[in-house]
Structure formats: structure tokens, C-alpha cells
Amino acid sequence: MRPTFTGPLDVLRRSAEARDTIQVVTTAMQMAQFDPGIMDNIDGDEALRVVQSAGRSPQRIFRRKDEVEGLRGARAQAQQAQAGLAAIATAGKVAKDAVPAAVQARDSGLLDSLQAMMQGGQGGAAAGGAAGAPAAAQGAMPAGAANGGA
């Protein structure tokens, strides 16, 4: 049990507090158009409680804390499911677009050319790379330097 003050001065104090709370939240919402992170500073639930306590709205219109948490949990799960469905749809579209492109590349001979180039590049790098380096280094030397200066 908590005491509830209902005197005229207390009602006036709570009214001013609610007005100031609304003003701060409104200002934060306007600033959030430029920097959405601003709203991280505002506890919306507490702001609503401040405004509610200043007025004469009945407590019964508000849900219990556990009900609110349950609703928010269900909403979060629904958003995760929606994100998963969106990812699946995107992957399906990518696969659908990739299959015709792969078929076209195969039919045009592009895949065979790429495969031959990959095999030729790997073989040339392993065999010709080691043997080719000294030859290139000798080719860069002056003719007399290769024979010991003679």
C-alpha cells in the first residue's frame, strides 16, 4: 500500500510534472528525426506512468507489467519470424536468378573456359613459377654479368 495524496497542491505538482514530461518526450521525438538514438534516453513506460498519475484516468485501463512483457515477447518473436521469412524469400530469389545465369554460362562455354584457365593458372604457377623466376632474373642482368663479368 502506498499513500495517495489528493490535495490541491499535490494535484497541481503532478499536473506540472506530467506537462513537463510530455514536453520532454515531444522534444525528444522531434530530435529523433535527426538522431534516432535520442529515444534511448526515454523510458516510455515510466513517462506514461507519470502522465497517468497526474490525471484522473483509472488504473484499470492499464495492463499489468507481466501482460506487457508477454505482449512484447510475442511481438519480438513475430518480428524474428518475419525476418526469417524475408531472408528465405531473398535466398529463394537469388537462387532463382542464379540458376538461369549458370545455365547460360554453361551453354555459352564460359564455364569450360574458366575451368581451363583455372587449371592452366594453377599448373603454370606451380611448375613455371619456380623455374621462371631465375630466368627472369638472368634476363634482367647485363650480358657480361651473367658470365662472371667476362
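None of these values were measured; they are calculated from a predicted model.
Residue M39 is not grouped with residue F34 when hydrophobic side chains (ILVMFWY) are merged at heavy-atom distances under 4.5 angstrom, including chains of intermediate members.
Within a 6.0 Å sphere centred on CZ of R49, heavy atoms belonging to other residues, nucleotides or ligands number more than 12. In E46, the CD atom is crowded: over 12 heavy atoms of neighbouring residues, nucleotides or ligands sit closer than 6.0 Å. Taking a 6.0 Å sphere around CD of E67, one finds it holds more than 12 heavy atoms contributed by other residues, nucleotides or ligands.
Using a 4.5 Å cut-off on side-chain heavy atoms (C-beta onward), I42 and V24 make contact. Looking at heavy atoms from C-beta onward, R13 lies out of side-chain contact with L9 at the 4.5 angstrom threshold. Side-chain contact check for Q52 versus Q59: some heavy-atom pair is nearer than 4.5 Å. A 4.5 Å side-chain heavy-atom check between T26 and Q30 finds at least one atom pair inside the cut-off. For the pair V68 and F62, the minimum side-chain heavy-atom distance is 4.5 Å or more.
Of all heavy-atom pairs between A47 and V25, the closest is CB-CG2, 4.0 Å.
Using a 4.0 Å cut-off between charged side-chain N and carboxylate O, D45 and R72 make a salt bridge.
In this structure, D20 contributes its side chain and E17 its backbone to no donor-acceptor pair below 3.5 Å.
To the nearest 0.5 Å, atom CD1 of residue I22 and atom OG1 of residue T27 are 11.5 Å apart.
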